[in-house]
Engineer: 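For reference, the structure I am asking about is given below.
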Amino acid sequence: MRTFLFIIIILISYHSFGQKEVFTGDPDTAFENARELAFNDQRKQAQDSLRLILTKYPNYHDIRSFLANTYSWDGDYDKAKKEFEYILKASPDRQNDWELAITNTLRSDAPQSALDMSAKALSLFPKNADLLYLKASAEDDLKETEVALATLNELLVIEPEHEKALRFRAALIDKLSINVIGVKSSVDLYSEVFDPMQYYLLKYARQTKYGSIHGKVNINSRFESTGAQFEVDMYPKITKGLYAYVNVGVSNSFLFPKVRFGGELYKSLPYSLEASLGFRTLKYSSYTTIYTGSVGWYTGNSYWSLRSYVTPGEPKTSVSGTLNYRKYRSTANTYFSAAFGMGFSPEIYRFNFDGNENAIVNLKSQKLNLGYYFASSNNKHSWGVQAGVSHQEISFDPGSYFWIYSISLSWDMKFRDK
């Protein structure tokens, strides 16, 4: 008899502990309490409550949808996907859950699946603006930028004031605008000795999958002469975090080096740092080689860069350096800049070297430049204004200085191939 009673007690205990906890109470009130927990950084407790409610009300889809959303917020995309699939299988007419499910799939870095889901959702809700937006997002993630732009154009016919679509469309057009033309005009005013010197730049740049290529024409008017130089700058991508700068230029004017060429390697480093090392070679009456390097640091919306130039020569090696600062605003094309430098760099063609390279590169100099650059709302046009002052040693009168006041204006325009 005792043995029989013991077995009964064990079986009852096993049954009690093995039973799942079942929700009792008002599901709406419990749902509201769980929402408050979720929005007050108590996500785990909220999820426990939501799952408990679903043990009794498995088809309370608003609760399951919110549970799926909390999973997605936490990065548990597979758990969220499972809950959304349950809802949409039972009630495919829930448009909002289609949108949430597609968004979760995009977050999980599965754009092809998101695109397939978008197509299915749009078959149920044709010409729905929000679903078209998600479809365009998936297409863009799949590198089908032109297709994504066409989808957004279709959306904007349906809903012309769709703000997110308008911003997205502008961003895609900016991405597809791989061509840039630009002009720049500068003038140097001297406190004594020299007349004003004028500088002009015309450029065309194109972004390719291998990096960007820039063709430039520099025109200088100084020493009662006008001359031109033709340059090509290239920024080839080598591998992730490593790219190069390559430059070649030629001129038949004494205002420029007859030939110039150079190269530099840029490497991304930990802690938002970047470093570079390279050289520039200029040929006037003879060749002058300048070794250069830089260290840059991105911090928040600011960028700091320290660049130095070292030019071996007689009677001594010349060293110069510039500290640059940029404060970015809404876009990469809108920023304030400041630069302070010491020492003379032959990269700046203010003087006629005429065989005096060694004497000129050792000139003492200090400079300060301030600039502001801004772009149109669609980033198609960019403008810049820069003003600076330099305290420069006179090349033919060592120990004596003059002041140079500089101002420049620039304009760039981006455009597509078609």
Side-chain angles (χ1 to χ4, degrees), residues 27 31-32 34-35 37-39 41 43-44 46-51 53-54 57-176 378:
F31 182 24
E32 185 60 34
R35 286 174 60 88
L37 289 171
F39 292 127
D41 297 325
R43 199 105 77 221
K44 182 67 169 59
Q47 290 167 350
D48 289 341
S49 297
L50 293 167
R51 284 192 295 264
I53 301 170
L54 289 172
Y57 301 95
N59 292 318
Y60 196 149
H61 293 323
D62 286 349
I63 292 178
R64 192 175 294 276
S65 177
F66 187 73
L67 174 63
N69 255 332
T70 65
Y71 287 148
S72 189
W73 297 340
D74 291 343
D76 292 330
Y77 304 120
D78 288 340
K79 286 185 178 180
K81 178 183 177 182
K82 182 179 178 181
E83 302 299 340
F84 282 127
E85 285 177 344
Y86 182 99
I87 296 168
L88 294 174
K89 183 178 180 180
S91 301
D93 59 337
R94 289 175 64 89
Q95 177 193 314
N96 186 60
D97 283 310
W98 278 106
E99 294 174 21
L100 293 172
I102 296 167
T103 300
N104 176 71
T105 305
L106 285 170
R107 288 174 180 166
S108 69
D109 196 24
Q112 185 59 59
S113 295
L115 184 59
D116 294 340
M117 292 173 66
S118 300
K120 188 171 182 180
L122 284 164
S123 70
L124 298 170
F125 309 97
K127 297 185 177 181
N128 178 274
D130 293 329
L131 289 172
L132 284 169
Y133 181 88
L134 291 170
K135 179 174 181 282
S137 299
E139 290 163 342
D140 183 44
D141 286 352
L142 289 166
K143 311 299 182 187
E144 297 178 2
T145 311
E146 289 282 4
V147 179
L149 183 60
T151 300
L152 288 174
N153 288 336
E154 179 186 350
L155 185 166
L156 290 168
V157 170
I158 299 165
E159 194 173 321
E161 301 303 318
H162 195 293
E163 291 187 6
K164 287 173 66 177
L166 288 168
R167 290 195 298 270
F168 192 9
R169 182 177 182 273
L172 291 186
I173 291 174
D174 185 55
K175 184 189 293 187
L176 290 167
N378 59 4

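Note: hydrogens, waters and symmetry copies are ignored here, and every other heavy atom, side chains too, is used. We count residues from 1, following the sequence as given.
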Engineer: Please examine the side chains of Ile102 and Leu131, heavy atoms only from C-beta on, and report whether any two atoms are closer than 4.5 Å.
Structural biologist: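 Yes, at least one pair of side-chain atoms sits under 4.5 Å.
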
Engineer: Is there a donor in the side chain of Asn59 and an acceptor in the side chain of Tyr86, or the other way round, less than 3.5 Å apart?
Structural biologist: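 Short answer, yes.
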
Engineer: Ion pair present between Asp116 and Lys120, side-chain N to carboxylate O less than 4.0 angstrom?
Structural biologist: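 Salt bridge: no.
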
Engineer: Measure the CG-CD distance between Asp97 and Glu83 for me, rounded to the nearest 0.5 Å.
Structural biologist: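 Output value for this atom pair is 11.0 Å.
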
Engineer: If you take all heavy atoms of Arg43 and Ala38, which pair is closest and at what distance?
Structural biologist: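 Heavy atoms of Arg43 and Ala38 come nearest at NH1-O, 3.3 Å.
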
Engineer: Where the side chain of Arg64 meets the backbone of Pro58, is there a donor-acceptor pair that is under 3.5 Å apart?
Structural biologist: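 Checking the backbone N and O of Pro58 against the side chain of Arg64, a donor-acceptor pair under 3.5 Å is found.
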
Engineer: So, using side-chain contact (heavy atoms from CB on, under 4.5 Å) as the criterion, who are the partners of Ala148 when residues are at least two apart?
Structural biologist: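 Ala148 satisfies side-chain contact (heavy atoms from CB on, under 4.5 Å) with Ala136, Glu139, Asp140, Leu172 once adjacent residues are dropped.
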
Engineer: Say whether, by atom type as modelled, one donor and one acceptor occur between the side chain of Trp98 and the main chain of Leu122 under 3.5 angstrom.
Structural biologist: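 Pair absent, no side-chain N/O of Trp98 close to backbone of Leu122.
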
Engineer: How far does OG1 of Thr151 sit from CG of Leu156, to the nearest 0.5 angstrom?
Structural biologist: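 Thr151 OG1 to Leu156 CG: 11.0 Å, rounded to 0.5 Å.
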
Engineer: Closer than 3.5 angstrom, by distance alone: can the side chain of Asn378 be matched with the main-chain N or O of Ala170 as a donor-acceptor pair?
Structural biologist: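 Not a single qualifying donor-acceptor pair exists.
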
Engineer: Between Lys82 and Asp76, does any side-chain N to carboxylate O distance fall below 4.0 Å?
Structural biologist: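 Judged by the 4.0 Å cut-off on N to carboxylate O distance, Lys82 and Asp76 do not form a salt bridge.
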
Engineer: Is the terminal nitrogen or CZ of Arg107 (NZ for Lys, CZ for Arg) located under 6.0 angstrom from the six-membered ring centre of Tyr77 and within 45° of that ring's axis?
Structural biologist: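 Arg107 over Tyr77 ring: no.
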
Engineer: State, yes or no, whether a side-chain contact exists between Asp74 and Lys79 at a heavy-atom distance under 4.5 Å.
Structural biologist: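 No, too far: nothing below the 4.5 Å cut-off.
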
Engineer: Considering all heavy atoms of both residues, which atom of Tyr60 and which atom of Leu54 are nearest to each other, and what is their separation?
Structural biologist: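 Looking at all heavy atoms of both residues, the closest pair is O-CD2, 4.0 Å.
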
Engineer: Is there side-chain contact between Leu124 and Asp93, with heavy atoms separated by less than 4.5 Å?
Structural biologist: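 Not touching, per the 4.5 Å side-chain cut-off.
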
Engineer: Can you tell me how far the CD1 atom of Ile87 sits from the CD1 atom of Ile63, to the nearest 0.5 Å?
Structural biologist: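 Result: 10.5 Å between the selected atoms.
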
Engineer: Would you call the rings of Tyr133 and His162 parallel, tilted or perpendicular, where under 30° means parallel and over 60° means perpendicular?
Structural biologist: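 Geometry flag for His162 against Tyr133: parallel rings.
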
Engineer: Determine whether a donor-acceptor pair (N or O, by modelled atom type, separation under 3.5 Å) exists between the side chain of Ser72 and the backbone of Ala68.
Structural biologist: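 Looks like no, no N/O pair under 3.5 Å.
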
Engineer: Quick one: CZ on Arg94 to CG on Leu100, what's the gap to the nearest 0.5 Å?
Structural biologist: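 Going from CZ on Arg94 over to CG on Leu100, the span is 9.0 Å.
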
Engineer: Of all heavy-atom pairs between Leu106 and Pro111, which one has the smallest distance, and what is that distance?
Structural biologist: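 So the two residues come closest at CD2-CA, 4.4 Å.
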
